[in-house]
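Here the structure comes first, spelled out in structure tokens, and everything after it is commentary.
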Protein chains: 2
Amino acid sequence: MSMTSRRDWVADLANERSLIGRSSTAARVADALRTRVIEGALLPGTRLSEEDLGAALGVSRNTLREAFRLLTHERLLVHEFNRGVFVRTLTPDDVRDVYQYRRVIECAAVHQSAHAPAGALDAVRAAVEEGEAAALVDDWSTVGTANMHFHQGIVGLAGSQRLDEAARQVLAELRLVFHVMADFQRFHESYLTQNRAMYQLLRTGRIADAETELARYLDVAERQLLDAFRESA
Amino acid sequence: MSMTSRRDWVADLANERSLIGRSSTAARVADALRTRVIEGALLPGTRLSEEDLGAALGVSRNTLREAFRLLTHERLLVHEFNRGVFVRTLTPDDVRDVYQYRRVIECAAVHQSAHAPAGALDAVRAAVEEGEAAALVDDWSTVGTANMHFHQGIVGLAGSQRLDEAARQVLAELRLVFHVMADFQRFHESYLTQNRAMYQLLRTGRIADAETELARYLDVAERQLLDAFRESA
DNA sequence: TATTGAAGAATTGTTCAACAATCCCTATTC
DNA sequence: GAATAGGGATTGTTGAACAATTCTTCAATA
């Protein structure tokens with residue numbers, strides 16, 4: 001038994017060790033760029049020059065091009081043939097489509113949440129708490145990130161890799177809209193209490209109510225975003 | 001009026017002209033590889049050597065690597081660091097996840113089909129007819145392709161770019177399973193009449209029935225595929 | 001002043017060669 | 001059979017080069 005137990009953690013360590021250093025430079029560059037796009041350091045419309053970025057990051061143009069290919073598929077960048085690569089700007093139609101997509105994915109996940117994997121609801125709660133803590137110190141960027149984690153957690157209730165990945169992408173994409181919004185704080189501050197309420201509905205097993213509340217939230221959020229587009233036009 | 005009309009078709013022509021020759025070699029290579037993966041010329045597990053493939057296609061290794069980056073994101077290829085790129089092999093858990101994902105997407109699209117865009121239902125009908133014609137001449141590969149078109153058309157009823165793209169990907173991915181199946185014909189021949197029946201339900205506006213029928217079909221198909229995995233193990 | 005065209009500079013897309021690092025395969029030894 | 005070492009093959013990355021395309025600027029013209 002003692003010998004078997006030792007083999008288990010040795011195998012675990014070997015497993016974990018094998019992941020160290022096993023990512024390509026292209027993937028790492030893509031990670032760095034993705035983070036900057038999501039957090040707003042690279043704003044929509046920004047042109048990403050191969051020359052400048054390659055020099056800044058200390059990688060060759062070919063490696064950078066590979067990283068660009070990874071990110072264009074995530075719809076964070078848009079690749080214009082012979083003109084270069086840009087951080088994507090979303091249109092009102094994009095916003096409508098994003099919310100239609102989210103309604104399909106997020107509401108289905110809540111619908112299936114009676115069979116959520118172990119720990120999935122904990123992730124939802126953690127995201128609620130993360131947002132509330134950030135709001136206490138007026139860190140609205142982190143509130144935005146926590147809200148994204150909340151909705152990622154909602155989709156995680158379905159226990160599906162492909163749904164998780166779809167959510168990851170579309171929630172990242174939606175961040176692009178927020179970075180050009182005039183009133184980011186106003187948009188997010190009403191959602192903290194709403195997220196808490198949704199979590200409570202889920203925790204107490206009131207799935208149909210949670211689904212209704214989520215759909216209502218998505219409708220309101222979509223309308224607010226579209227209104228924000230009109231204000232800035 | 002005559003002057004306005006001229007400007008319209010001039011603008012249309014300019015629009016169309018700007019698309020000619022505006023794809024990169026990397027994108028074209030990815031298209032060629034994607035088709036071969038979907039149609040089964042490149043089977044799951046196949047290793048795609050940069051050297052061999054670059055020579056065969058007459059492109060440089062860098063260009064090929066860009067193409068690989070495009071396809072790994074579509075889950076058709078899997079990129080193993082320092083070992084190369086392989087056509088993906090799906091596991092039984094993958095199949096379960098794919099069907100969970102399809103149930104979410106396809107059933108939601110049918111649910112929303114009262115507001116389908118103009119021509120969307122025609123695409124569904126065309127796919128049904130394509131499959132029936134192919135079966136008449138025992139062209140079961142085209143039956144498989146037509147079935148994919150049918151389900152792509154189902155999702156098209158939602159009129160959402162992001163749902164369309166999600167469907168395109170997951171249906172392509174599912175093709176990988178069929179290429180290693182022993183009895184491809186048996187799997188597909190019962191679905192032609194079912195697709196016709198589903199189309200009729202949609203055409204006559206019986207949306208709830210169509211949704212129920214689709215969910216039932218997806219359950220059956222999933223079970224059959226999982227059974228086929230057990231038979232081959 | 002506004003528009004058009006030409007020229008030059010900047011950039012992208014692709015190829016090629018080179019090299020370091022890693023993996024795979026084979027042969028040898030215990 | 002298992003472990004090890006060596007050699008070859010391949011991947012990951014860099015950098016240079018060049019053709020093609022786009023962008024910017026300036027001059028000429030209406």
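These numbers come from the heavy atoms of this one structure, side chains and all, not from hydrogens, waters or symmetry mates. Quick note on labels: first sequence line is chain A, next is B, and so on, each numbered from 1.
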Q: Determine, stepwise, if the pair A:Y99 / A:L226 fulfils side-chain contact (heavy atoms from CB on, under 4.5 Å).
A: CA-CA 11 Å; A:Y99 275 88; A:L226 291 175; over 6 Å; no

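- Atom CD in A:E80 sits about 9 Å away from atom P in D:dC23, given to the nearest Å.
- The side chain to side chain contact (heavy atoms under 4.5 Å, CB included) test with A:F68 singles out one residue from A:L53, A:T63, A:V29, and that residue is A:L53.
- Closest heavy-atom contact between A:A26 and A:L70: O-CD1, 4.2 Å.
- Heavy atoms of A:G54 sit nowhere under 4.0 angstrom from any nucleic acid atom.
- When the side-chain nitrogen and oxygen atoms of B:T63 are compared with OP1 and OP2 of C:dT15, one or more of them lie within a distance under 4.0 Å.
- Within the nucleic acid shown, B:N62 comes within 4.0 Å of at least one base atom, counting heavy atoms only.
- Distances shown here put a side-chain N or O of A:H79 below 4.0 Å from the OP1 or OP2 atom of C:dG13.
- Taking the nucleotide of DNA chain C with the nearest heavy atom to each of B:E66 and B:R61, the more 5' of the two is matched to B:E66.
- Distance A:L53 CG to C:dT12 C1': 14 Å, rounded to the nearest Å.
- Annotation: side chain of B:R47 is not in contact with side chain of B:R83 (no heavy-atom distance under 4.5 Å).
- Residue order along DNA chain D, read from the 5' end via each residue's closest nucleotide, puts B:R83 first among A:S60 and B:R83.
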